[in-house]
Amino acid sequence: MAMTIHVDIVSAEGEIFSGVAEMVYAPAVMGEVGIAPRHTPLVTQLKPGEVRVDTGSGKDMQHFYVSGGILEIQPHVVTVLADTAIRAADLDEAAAQEAKRRAEEAMADRSAEFEYAKAQSELAEAVAQLRAIERIRKGKRG
Amino acid sequence: MAGAKEIRTQIGSIKNTSKITKAMEMVAASKMRKAQNRMAATRPYAEKMRKVIGHLFHAHPEYKHTFMIEREVKRVGYIIVSSDRGLCGGLNNNLFRKLVKELKEHRDAGTEVEFCTIGNKALGFFGRFGGNIVSQATHLGDMPHIEDLIGTVKVMLDAYAEGKIDRIYIAYNNFVNTMTQSPTFEQLVPIPSTMEEDLKHHWDYIYEPDSKEVLDNLLGRYVESLVYQAVVENGACEQSARMVAMKSASDNAKNLIDELQLIYNKARQAAITQEISEIVGGAAAV
């Protein structure tokens with residue numbers, strides 16, 4: 001039997017593929033890489049493209065599209081951490097700016113000091129309300 | 001009798017409320033199932049990510065990333081995950097209460113705190129008390145996507161990389177089971193190295209294009225995936241907490257209606273008895 005390597009392709013929103021293969025091809029940023037079993041440990045970024053898994057057994061290759069991500073290779077395990085989002089440095093930066101702006105808007109005309117006493121009293125009030133509801137419920141049942 | 005009509009309208013309004021709570025309970029139950037599935041779906045990615053990071057700690061990269069280096073703590077950042085909507089029992093309050101306690105400790109120790117809030121409730125709570133919110137995300141909906149979180153998290157990570165924050169925590173509700181959710185705090189960066197240094201074999205990855213770029217990317221994604229998982233888990237918590245809260249509200253309404261019905265019947269009976277005795281009294285007088 002030919003040597004095989006375990007392949008996991010996952011994205012943040014779900015598992016895509018898990019199984020054994022004789023050969024895996026992935027679109028690394030420096031060019032496509034082919035991974036055979038007992039490859040040396042390697043970590044690289046992926047660019048948008050196709051991951052192909054040759055499961056042997058004479059069947060067709062399995063194709064998976066990834067929009068980028070990270071590829072990790074251990075001698076007997078290949079892990080593809082695929083992105084679900086389209087990533088680019090300036091896109092990320094824009095998103096960060098947007099998040100900051102929203103926060104600043106929400107923060108406007110509010111004091112900068114965290115008021116523990118006030119926070120605690122409000123929490124105590126809410127908790128007391130919850131407890132009262134609990135007690136009423138128990139009283140009704142009992 | 002005046003009381004009878006009032007009681008009747010009261011019963012009517014409670015019945016209407018219980019219809020709403022019943023409907024919300026059922027909606028939450030079906031959403032909970034979906035949220036739990038989503039939680040299960042994100043698990044493989046997080047596990048694989050953790051494995052890769054674990055390998056990385058065993059390897060000896062020539063480049064030490066800032067996320068892997070502990071430094072003196074002067075300012076800390078909190079990423080707080082909460083729900084967008086209320087009516088889910090004490091879910092958010094329990095988390096905030098535990099957090100406020102911890103924040104107090106930070107203040108007593110002289111460390112400053114910055115917040116990054118996810119969800120309306122955290123924004124409202126920490127906004128009201130004037131904490132320093134550096135970034136926020138709300139209205140993620142039932143199906144949060146990782147791209148909604150990238151920017152929010154990046155603000156924190158950038159602050160860490162620039163040395164403005166020395167440690168980042170995440171606060172969220174951990175889904176134990178349908179009935180139990182436990183408020184949880186975890187340290188995100190510097191990445192806590194629970195793994196012992198394995199000095200037996202000295203090896204390192206090959207990095208393409210170079211270790212700095214790859215590690216920057218990988219560790220950023222690692223933190224994002226942890227935050228995403230926390231958000232998804234918190235979503236499942238929210239739905240199950242709401243389901244339980246609405247169920248108890250429906251039960252309460254039912255009990256209240258039963259009691260009021262009894263009072264109403266008694267009042268009605270009393271009115272009839274009084275009327276009869278008045279008629280009898282009147283007849284006797286004639």
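Chain naming here is simple, since letters A, B, ... match the order of the sequence lines and numbering starts at 1 in each. Just so we're clear, the structure is a prediction, and the values are computed from it rather than from any experiment.
Side chains of A/D83 and B/I146 form no contact here, defined as non-hydrogen atoms less than 4.5 Å apart. Side-chain contact between B/K51 and A/T79: absent, with no pair of heavy atoms (C-beta onward) separated by less than 4.5 Å.
Heavy-atom distances place both the backbone and the side chain of B/V214 under 4.5 Å from chain A. Both the backbone and the side chain of B/E213 come within contact range of chain A, with heavy atoms under 4.5 Å apart. Interface remark: B/D158 contributes side-chain atoms only to the contact with chain A (heavy atom separation under 4.5 Å). Both the backbone and the side chain of B/T152 come within less than 4.5 Å of a heavy atom of chain A.
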Could you tabulate the donor-acceptor pairs under 3.5 Å formed by side-chain atoms of residues 16-36 of chain A, not counting sequence neighbours?
residue, atom, partner, partner atom, Å
A/S18, OG, A/D8, OD1, 2.9
A/E32, OE1, A/R52, NH2, 2.9
A/E32, OE2, A/R52, NH2, 3.0

#### Entry: Step-by-step side-chain contact (heavy atoms from CB on, under 4.5 Å) determination, A/T40 to B/I206
CA-CA 8 Å; A/T40 184; B/I206 299 170; 3.2 Å; yes
### Step-by-step side-chain contact (heavy atoms from CB on, under 4.5 Å) determination, B/V52 to A/V43
CA-CA 9 Å; B/V52 173; A/V43 186; 5.6 Å; no
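Across B/V155 and A/A96, no two heavy atoms sit closer than the pair CG2-O, 3.3 Å. The nearest pair of heavy atoms linking B/Y205 to A/I73 is CE2-O, 3.8 Å. Residues A/A99 and B/G151 approach most closely at CB-C, 4.0 Å, considering heavy atoms. Across all their heavy atoms, A/R102 and B/Q136 have their closest contact at NH2-O, 2.5 Å.
A/L71 contributes atom CG, which lies 9.0 Å from atom CD of B/E208 (distance to the nearest 0.5 angstrom).
For B/M143, the CE atom is loosely surrounded, since the number of other residues' heavy atoms within 6.0 Å does not exceed 12. Remark: A/K47 NZ is packed, more than 12 non-hydrogen atoms of other residues, nucleotides or ligands lying under 6.0 Å away.
For chain B, the option among A/T44, A/L42, A/I70 with the highest count of heavy-atom pairs below 4.5 Å is A/L42. Contact tally against chain B (heavy-atom pairs below 4.5 Å) for A/R101, A/E98, A/E72, A/K100: the top residue is A/E72. For the set B/Y228, B/F96, B/Y45, the entry with the most heavy-atom pairs within less than 4.5 Å of chain A is B/Y45.
The closest side-chain donor-acceptor pair between A/Q45 and B/Y207, if any, does not fall under 3.5 angstrom.
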